[in-house]
Structures are given as structure tokens and as C-alpha cells.
2 protein chains.
Amino acid sequence: MIETAKGVRDFPAEETIIRNEMMNKIITVFENYGFSPLETPTIERFSTLSAKFAAGDESDALKETFTFTDQGERKLGLRFDLTVPLSRFIAMNPTLKMPFKRYEIGKVFRDGPIKLGRYREFVQCDVDIIGCKTMRAEAELLLLALDVFKELDIDAYVEVNNRKLLSGILDTVGITQSHESVITILDKMSKIGLAGVESELYNLGVAKEKTKQLTDIFDMRGDRHKILDGLKKIMTTDAGKQGIAELEELFSILKDFKDNIKLNISLARGLSYYTGTVFEGFIKNNKIKSSICGGGRYDNMIGLFAGNKEFPAVGISFGLEPITEFMKLTKLKINKTVTEIFIVPINTFQESLKIAQQLRKAGVNTEIDLLDKGVSKNLSYVNSLDIPHVLFIGEEELKKEKVKLRNMKTGKEELLTVELVIERLA
Amino acid sequence: MIETAKGVRDFPAEETIIRNEMMNKIITVFENYGFSPLETPTIERFSTLSAKFAAGDESDALKETFTFTDQGERKLGLRFDLTVPLSRFIAMNPTLKMPFKRYEIGKVFRDGPIKLGRYREFVQCDVDIIGCKTMRAEAELLLLALDVFKELDIDAYVEVNNRKLLSGILDTVGITQSHESVITILDKMSKIGLAGVESELYNLGVAKEKTKQLTDIFDMRGDRHKILDGLKKIMTTDAGKQGIAELEELFSILKDFKDNIKLNISLARGLSYYTGTVFEGFIKNNKIKSSICGGGRYDNMIGLFAGNKEFPAVGISFGLEPITEFMKLTKLKINKTVTEIFIVPINTFQESLKIAQQLRKAGVNTEIDLLDKGVSKNLSYVNSLDIPHVLFIGEEELKKEKVKLRNMKTGKEELLTVELVIERLA
């Protein structure tokens, strides 16, 4: 049986058209914010892909890396994100001017279990600022995310938090278990709810009273300033205080842009390499709380590749798949083809081809019958693809220097000159 | 040492900007001809990738396939072209309406030797028509190729031949050696010249007089009709006669479009799966005869995947790499960034960010200093990236509701309202 590999997909025209449309809109906003494109290879040396985990850091990503060797027996792998290739690129190009602002849209690969919405090959749209220590970088990326939502016409918002704040809360409460594990559990808050988080923390050995303290903190209500003020009063660690200060700095920069930016002090984000701010974007009023972008500050990662030199970095990644899935649900019309007009020559192929070339030259996406199928079969082809216009070109019409344009939506037919057809469609 | 894998490359902004520009122009023409996009996965089952060679067909492509297994021990590989995934897609979707016209632009992978201009990961831009037996498909693709050249502003032409004609010539001359091997040698004509071809044929065991006969035929001069008439007189096989008839049919359809379409009866194209027409596009007046596209008819291949059902098919593939390399040599200005204006706030970050957002909203690609670098370091950053405009925003200017725009090319500075800056740049 012929089939695709497990966890990968074909995207027929009706899906690729939307994907490309979304991608182009995302690119427009990325460039609008002065991010230039970088293209890194799909294949990396395995040593590069694993460098990130040299410090004994736990992660599924490496376990899920597709690995192979080339004919020279070099160990290679498929990239599992766009951040590692970016870090490798920066390490290899020490003369890059800072800040280095780049975007990359590309496929990444994970040899993991297949679940709903999880694939082994998917597209990430990443935008990163390297070389900026201050919260200005975060501010830029948050504004950019909001403009991406606007450009995509998606009603969405971004939740913001800070890892230092989160660690500070855990230390303040006196959590002695691995912060990593506790954060991973807290990260599931939106999926498994408070009760689920409580039960998993209990299994990890966190005393019930500490869980109560934690959930009380995470339950704080009010605007972002009130919450941060409340945290200031209880925070006992320097890191925690710094986390609060960073969030205050960020909100101060963004004081004129408050809409759709929400503080969520329990937001953790799974990846362990984040060092400060984290953010995640969600579609509003969606039945499931589905994430369409996420990111944060990762000040230590590039140094792993670049001889421990310090490279402050903040990035955000948009998932093309969740965005496209959402658009497919909400879009009124899904195009099955890019074709705007289909020409049916009636014993006039030669002349019709010339007219096709005129239409194409005028920028009208034009198909011409290649199979001499006859009118009714051609119309069934046109209907199956929802092509909006048909042009019938018969000998009689040509004698009068006219062609017959049919609007497939209204059914209306008109005898027109080619020039007028172009005027209508171009 | 940190490095990329062998034979793959990073494309920094100045290269990716050109690549994307070329790609978008190619897509515009593909869609203009009514081809819709298809996106197939990078990873395929190994059984799919090797199906093409089940018939014992020799090819480097499979030997050069990157192969690996997933966690479920399924044997997989990276696609080495876009034709195999297309064939697999057609086999899996038996209800597709014919003709099926699709384009796909994507990365393909070959674990082969690295030579100048040969990489292990590169982009192909493929356009194919499935389901059309007649030369109308070829005619469409040739016209499309010429329009791609025009859109890219490359002075190029396409050489056309027919495999049946080529085989017919070999049979007529009485070549008993493998046609495959002889055609492979003939295919090198443009690279190693007549003498080289003669010598390699001799080594293969082709008698000198037969080589003389062959080269005499391939030396025929004159317009395409004269050459085909000449071949008709000597051709002894039915296949050869059919090849001539097909070329005549093609040239008859294209009689109104003669420019830049050349008959080259020695053109072979390396790939063994071509069954009829073959074509290859070359840049004119280029020092090296460099191919920028190629393709042909492959009527038997999809059937290998689709239960031997007949699927006539013609395709053409444009190489993004040779096109981009050529553009880099000829383009007057290589953009290093997409940024159109860089804002230097002078103790006015908050207000400057608002102005940045106004400019961005008006569609101007805008960067703002995130590092508080001061004027001279910012200007050195701007110069290093050739950003065309700088906007200085100081407190004094803001009081007057003005900002200072500097044109980096002319050095001219003007004190303007933000509205006027937008008017100038948008």
C-alpha cells in the first residue's frame, strides 16, 4: 500500500493556499518590524543539535530527533526547532552586528508520538532579537505578535510571565522539589485545572499546605500592577524581585499599548532554556484554549555554541498549523484553486491559446482546456474547483472578435471583446 | 568546532531576500498559468522513494538518498526530488480531477559528492501537468518557462528534444550498446564537446564510423522544420517517427510563439524516466552554459505508484540556486535588510515607539534602536546594513511636533511632521 510516512501530511491546494496566505501575512508583519529573513539548513550535525543538552539538561527534543549518517559516516540529524540553527549561525558569524533581528519560516521535525494536532513535520515561524538585554526587545515582540493577530484577523491575546518571578514564588513558598518538575506541572494549569495540578504536585511530594500557598498566589486577581505589588510584599528572593522588576519595566514600556497583553503569573512554558520573560498567545473565545504562538527570553543558550560569550536573546514562534486549522474553521470561502478563469476553446485551440496569453499577461490566472473535453465535462471540472469564470471561445464568436464570458456564481453570460474581459477581471 | 553539516548552507539576509524575491516571482507565473500549490512532506517512506527503481532501473538518486528509521523502526528517507512525492500523492488520491496541474516549491536532499554548485540540500520549483497526452501540455510549460524568464528578467531560452527521436536516431544508426549509456555520453556534449563525446563513445565500443554518422546527424543545421524534414528521410524506426511527429505537433501549437524555443536533437537530459519530450533552459550569453530549468514527459512513472494505471505527465523544474547565483552576479543592488527606516530616539524611547508603530501601520518597514547606542553607533549599524532612511527623534523636535528624517544616500536632512515622513516613505 502506498502511504505517507507516519505523522507527516500532504497539503492539497485548498490547504496550501491558506497556509501560504497566512505565511505571507506573517512575513509582512515580521518585515514591517525590521526583521530580515535567514534561511538555515534542515540538516544539522548531530553534535550541534545535541550541544544544547550538553549540560545534562533533560528534554524530549533530542530523544525525538531524527538522526542518520551521510556517506562519509558523519552523524547528522533533522532540526527540531529553529533556535538551535540560529544559535549555531550566530556562533559561526562573530562579526554580526547587534542587535541581530531575524525571522525564519521553516519545517522542523520531531520523531515523537502522534496525537491530535501533533505532527512529525511542521512549520514554525520564528522571530528573534539577539543582543538586547533590556525589556525593549520583549516589548517589540509583543507588539509584533499583536500585529500578526491583526493581520491574520484573529482575535487573540498574549499572556506574559517571567521565569525568575516564578522561581521566586517557588523559593518563597519553600518548594524543595525540582523547580523544573513543579513548573512543568504548573504549566498544565490550563489543561488539567487546579485540581489536577494539586494532585500532581502532591504526587511529587509537595506538602498540601505549600500547594495551597502556591495556588493562593496564583489565584491573585486584579490588574497587573496590583498583582505585582502583592507579589513584591511576599517575595523573599533576589531573583524573584528581579523578575518583578523586569515585568514592571516591560509594562512601563508598553503603557500605551495595554490591549490584549495579560499578566499570567502561572504561565511557565515547557522549554527549560527560558531565563526570564515568557509569553504565549491564545485565540479568544475559542472552545479549547489553543496556543498559536509562544516564546521568551533565553539569555544562556547561544553561549553554549559561542564559547560562553553572552548573547541575550528573546524570541517568539508562531505555529502555522494551529493558525491554519483555526482559519479553516472560520473562513467563509476556502479556495480550491488559484485559477480565476478557465478557457473552453470550441475548435479554436490555437486562437484560444493566444487569448490565454493575453489574459495571463494582464495578470489574470488563466487555465485553458488541454484535453478537448467538450463543454459539459469542462464545466464539471470548473465546478469541482470552484473556478469563478469561464470563457467560451467559438469560431462564430471569433469572427465577430468576441468571446463569451460566463460568471459561474451568477450564471450570467456576456459576449465581450477580449479587452473588455481583461478589464473585468484584471 | 561549530559548523554546518557538509554540503548544506546558511543563507543570510542578503541571500534570502533575493531567494524569496525569485521564488515569489516564479510562484506568480506558476499561478498565472493556473497551477495551484501542493505541499508534500520532506520525509517519505523508503519504500515510496525506492518504488521508482523497482524495475531495476539504475540511478544515483536512490544511492544518494538520506535514510533513517523512526522510533517505530519504520524505514524512511528524505525526498530527493518532488516528482516521487507527487506520484505518491496522485496514487493516494484516485478521485483527483484531470488534468491535475500543481506546483510545488520545496527542499530536496541528495547525499552525494560536493562539487561547485552541487549541494546536499537545495530548492526545486516544480510545475507539472498530469493527465494530458497531447503536446498541449508541453506547449503550456514551454510558454510558462519563457514567462518565468521574463518575470525574473533573465535573458534565456529553452532547448527542446524528444527521447523517442533520440532513440530512433540511435537505432537508425545501428547502435547496439545501451541507449542509456550512449545518451548519457551525448548529454555531455555541451560540457565536454564533440571530441570528448567521440572519445567516450569509442571507449563504450561504438565504432568510429557510427559515431561519425551520429555526430553528422547531430550537426544538422537550419531551422527546426528543416532539421525534422531531414530526420524524416533517414529515420527507420516507428518510435523515431513518432518522436518527429510529436515535435512537429508541438511546434505547430507554438507556431505563434517561436522566440527562445530551440530544437536541439542531441539534448538528452540525464534522468532515465523521460519518455518523450525533454527540455532544458539556459541563460543566454553566459560564459558557462548553465542550466536553470529542465524537464520533460514521463508517462510511465506515476503508474509505478498507481497500480500501473496510465498517467501521462509532463513537468518542468526550475533550480532556485542557479537562478539566484546568476541574479547575484547581475543585480546592481543587493539588499542586506528589509528595513526601510531606522529610528534613533534621543531620550525619547516611549514617544519614538509610538511613532514607530505609526510608521509600521502605514506599511513602512521600521526598526527602532533597542540598545540606547547613541547616534554614531546607530549610524554605523545603519550603514553596515544599508538602511536607506534614519529618523532622529529628540525632545526638542517633539516639542515642535517634528522629527528629523535623514536620507542616507544623499545625506539630506529634513525636519518634518510624522505624517509627512509617512507620506514620503509609504
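All figures in this text were calculated on a predicted structure; none of them were measured in a lab. Each chain gets a letter, A, B and so on, in the order the sequences are listed, and its residues count up from 1.
In this structure, B:Leu353 CG and A:Glu140 CD are separated by 6.5 Å, a value rounded to the nearest 0.5 Å. To the nearest 0.5 Å, the span separating OG1 on B:Thr42 from CG on A:Leu78 amounts to 8.0 Å.
In terms of heavy-atom pairs under 4.5 angstrom with chain A, the leader among B:Phe349, B:Tyr381, B:Phe89 is B:Phe349. Annotation: maximal heavy-atom pairing with chain B below 4.5 Å, among A:Lys354, A:Lys361, A:Arg120, A:Glu340, occurs at A:Lys354. For the set A:Glu104, A:Glu14, A:Lys97, the count of heavy-atom pairs under 4.5 angstrom toward chain B peaks at A:Lys97. Of all the listed residues (B:Gly34, B:Ala306, B:Gly7, B:Pro12), the one sharing the greatest number of non-hydrogen pairs under 4.5 Å with chain A is B:Gly34. No other option in A:Thr16, A:Asp256, A:Asn93, A:Val364 has as many heavy-atom pairs under 4.5 Å with chain B as A:Thr16. Of the listed residues (A:Leu371, A:Val8, A:Asn20), the one with the most heavy-atom contacts under 4.5 Å to chain B is A:Leu371. Among A:Ile17, A:Leu76, A:Leu143, A:Thr339, the residue with the largest count of heavy-atom pairs under 4.5 Å with chain B is A:Leu143. Heavy-atom pairs under 4.5 Å with chain B peak, among A:Lys150, A:Glu44, A:Met98, at A:Met98.
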Next item on the list: Take A:Thr337 and B:Lys101 through the test side chain to side chain contact (heavy atoms under 4.5 Å, CB included) and record every step on the way to the result.
Entry: CA-CA 10 Å; A:Thr337 176; B:Lys101 293 173 68 179; over 6 Å; no

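Of the atoms belonging to B:Ser384, it is side-chain heavy atoms, and not backbone ones, that fall under 4.5 Å from chain A. Contact of B:Arg88 with chain A is made through backbone and side chain together, with heavy-atom distances under 4.5 Å. There is no contact between B:Ile27 and chain A, counting heavy-atom distances below 4.5 Å. Only the side chain of B:Tyr103 comes within contact range of chain A, judged by heavy atoms closer than 4.5 Å. The parts of B:Tyr33 that come within reach of chain A are both its backbone and its side chain, each placing non-hydrogen atoms under 4.5 angstrom from that chain. For B:Ile341, no part sits under 4.5 Å from any heavy atom of chain A, backbone or side chain. The part of B:Gln357 that comes within reach of chain A is its side chain, from C-beta onward, which places non-hydrogen atoms under 4.5 angstrom from that chain. Neither the backbone nor the side chain of B:Asn335 comes within contact range of chain A; no heavy atom of the residue lies under 4.5 Å from a heavy atom of that chain. Proximity to chain A (any heavy atom under 4.5 Å) is restricted, for B:Phe109, to the side chain, taken from C-beta onward. B:Phe257 touches chain A through its side chain: at least one heavy atom from C-beta onward sits under 4.5 Å away, while N, CA, C and O do not. For A:Glu31, the parts lying near chain B are the backbone and the side chain together; criterion is any non-hydrogen pair under 4.5 Å.
Between the side chain of B:Asn32 and the backbone N or O of A:Thr366, no donor-acceptor pair lies under 3.5 Å. With hydrogens and angles ignored, the 3.5 Å screen pairs a side-chain donor or acceptor of A:Gln350 with a backbone N or O of B:Ser252. No donor-acceptor pair under 3.5 Å is formed between the side chain of B:Thr40 and the backbone N or O of A:Asp10. With hydrogens and angles ignored, the 3.5 Å screen pairs a side-chain donor or acceptor of A:Gln71 with a backbone N or O of B:Lys63.
Using a 4.0 Å cut-off between charged nitrogen and carboxylate oxygen, B:Arg360 and A:Glu151 do not count as a salt-bridge pair. Between B:Lys6 and A:Asp70 no salt bridge is recorded (no basic side-chain N to carboxylate O distance below 4.0 Å).
Contact of the B:Pro99 side chain with the A:Lys373 side chain is registered, since non-hydrogen atoms from C-beta on lie closer than 4.5 Å. Using a 4.5 Å heavy-atom cutoff, the side chains of B:Phe11 and A:Pro37 are not in contact.
For A:Pro41 against B:Arg9, the heavy-atom pair with the smallest separation is CD-O, 3.3 Å. Contact record, B:Asp372 with A:Arg136: OD2-NH2, 3.3 Å, taken as the closest heavy-atom pair. The two atoms that bring B:Ala91 and A:Ile2 nearest to each other are CB-CG2, 4.4 Å, heavy atoms only.
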